[in-house]
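Counting convention: from 1, in listed order, for ligands and their atoms alike.
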Amino acid sequence: MTSSARPFLNRRLAEFGTTIFAEMSALAARTGSINLGQGFPDTDGPEEIREAAVRALRDGRGNQYPPGPGVPELRTAVAAHQQRHYGLTYDPDTEVLVTAGATEAIAASLLALVEPGDEVVALEPYYDSYAACIAMAGGRRVPVTLRPHGGAFRLDLDELRAAVTDRTRLLLINTPHNPTGTVLTREELTAVAELAVERDLLVVTDEVYEHLVFDDAAHVPLATLPGMRERTVTISSSGKTFSFTGWKVGWVTAAPALVAAVRSAKQFLTYVSAGPFQYAVAEALNLPDSYFTALREDLRAKRDLLAAGLTEAGFEVFRPAGTYFVTTDIRPLGESDGFAFCRSLPERAGVVAIPNAVFYDHREEGAPFVRFAFCKQPETLREAGKRLAGLRKD
Ligand SMILES: *Cc1c(COP(=O)(O)O)cnc(C)c1O
């Protein structure tokens with residue numbers, strides 16, 4: 001058991017004492033449940049990329065402190081990736097910064113760009129580190145809630161507009177969106193961009209699921225829209241794209257002055273990290289298009305498999321256009337409290353999921369929604385479906 005942080009934790013972080021993931025993973029282990037809670041793949045990324053990491057280690061590349069902004073090979077590969085996939089041109093020397101995963105990129109961006117008291121507008125439900133990082137930066141978070149509309153969680157553009165005040169410093173965007181699986185459309189992103197330009201806001205955009213989009217959904221990087229290149233800090237990472245979540249190699253692309261600001265904060269967080277892995281990720285970014293297509297196809301099939309099992313079990317399924325999560329509504333099962341449901345699910349069905357309410361400030365808005373990860377082997381997803389079938393009401 002982990003002990004409570006409460007007696008010592010400062011006021012800024014008091015509300016973030018423990019995450020649901022620790023509790024749910026412990027519950028999974030204790031009950032022998034299938035863990036569809038935390039989102040990490042149960043198979044590693046490409047063998048040749050693992051070999052590239054081994055080679056770098058053996059050749060003594062990156063075993064000592066790499067350069068603060070990241071090794072040149074990786075910065076060049078990140079810039080080439082932005083060019084190849086989106087037609088965005090970044091200078092590897094002044095407009096790319098390598099970080100310890102997207103997590104550090106988010107933390108460093110907020111610590112660098114937010115003044116105490118500034119408001120940060122973020123899409124709710126949000127990735128759990130956003131709220132904590134805004135708090136560490138002394139900012140005030142202002143959630144704009146995505147709500148179900150036509151089978152997906154959508155952004156209400158009037159609400160977004162209304163959330164911006166004279167104290168707003170930046171918009172914190174995430175697309176493809178965890179936990180809902182929503183991929184913001186070009187129209188939605190254009191409205192976000194117009195608002196940012198009109199109110200002279202910075203935008204930090206978390207695009208770690210950029211390659212995990214399905215069917216006819218397309219990922220549109222905010223930085224490609226008019227007026228955004230110079231005001232957008234784009235964040236991504238190798239964890240989700242290459243199935244190496246333990247390597248913690250992420251990056252920021254932005255205009256030189258923004259990268260310099262983020263680097264100022266980053267240098268006092270980790271300074272540098274993951275030396276040998278940086279070389280391997282440089283190779284990964286240069287993989288041919290067939291790698292990215294196969295990744296997408298594999299996850300689309302897994303999405304369909306889990307979504308079918310969940311539908312069969314009686315959940316309302318919001319079929320995700322991106323990410324490797326599926327959000328469900330438990331009300332058709334006669335349930336309404338996602339926390340209670342997820343705490344009882346391991347005993348009832350031998351499956352672990354996460355209550356979306358943990359990703360909300362307005363907990364009641366998220367109460368009936370529950371998230372399952374599908375970045376798992378097909379047999380595991382099939383077995384989860386079988387176990388959940390017993391929940392069906394009729
Ligand atoms: C997984 C995840 C991250 C963290 O990425 P790392 O590279 O592992 O630090 C950031 N944002 C979102 C939305 C994620 O799902």
Please report which non-hydrogen protein atom sits nearest to atom 15 (O) of ligand 1, along with the residue it belongs to and the distance in Å to one decimal place.
Tyr209 OH, 2.6 Å
Could you work out, for atom 7 (O) of ligand 1, the closest of Ala100, Ser237, Ser238 by heavy-atom distance?
Ser237
In one Ile/Leu/Val/Met/Phe/Trp/Tyr side-chain cluster, 4.5 Å: Leu388, Leu27:
no
Identify, for atom 8 (O) of ligand 1, the protein heavy atom at the shortest distance, and state residue, atom and that distance.
Lys248 NZ, 3.3 Å
Considering Tyr127, Tyr130, Phe244, which one's heavy-atom position lies nearest to atom 3 (C) of ligand 1?
Tyr127
Give a yes/no on ligand 1: does Gly239 have at least one heavy atom closer than 4.0 angstrom to it?
no
How about CD on Gln64, more than 12 heavy atoms from neighbouring residues, nucleotides or ligands closer than 6.0 Å, or not?
no
Is the positively charged end of Arg229 above the ring of Tyr90, judged by distance under 6.0 angstrom from the centroid and angle within 45° of the axis?
yes
Out of Asp128, Thr241, Thr323, Asp206, whose heavy atom is nearest to atom 13 (C) of ligand 1?
Asp206
Indicate yes or no: does Glu23 engage Arg343 in a salt bridge with an N to O separation below 4.0 Å.
yes
Name all residues meeting the ring pair (Phe, Tyr, Trp, His ring centres under 6.0 Å) criterion together with Phe8; count only those two or more places apart in sequence or in a different chain, and write none if there are none.
none
Taking distance alone, with no angle check, do Thr245 and ligand 1 share an N/O pair under 3.5 Å?
no
Regarding Arg300 and the six-membered ring of Phe214, is the cationic atom NZ or CZ under 6.0 Å from the ring centre and inside 45° of its axis?
no
Under-4.0 Å heavy-atom contact with ligand 1, by part of Thr103 that carries it
both
Among all protein heavy atoms, pick out the one at the shortest distance from atom 5 (O) of ligand 1; state its residue, atom name and that distance to 0.1 Å.
Ala102 CB, 3.5 Å
Residue portion contacting ligand 1 (non-hydrogen atoms closer than 4.0 Å) for Lys240
side chain
Shared-cluster residues of Leu202, by chain and number - hydrophobic side chains joined below 4.5 Å
Leu97, Ile106, Leu110, Leu113, Val114, Val120, Tyr126, Tyr127, Tyr130, Ile134, Leu170, Leu172, Val204, Val233, Ile235, Val252, Leu258, Val259, Val262
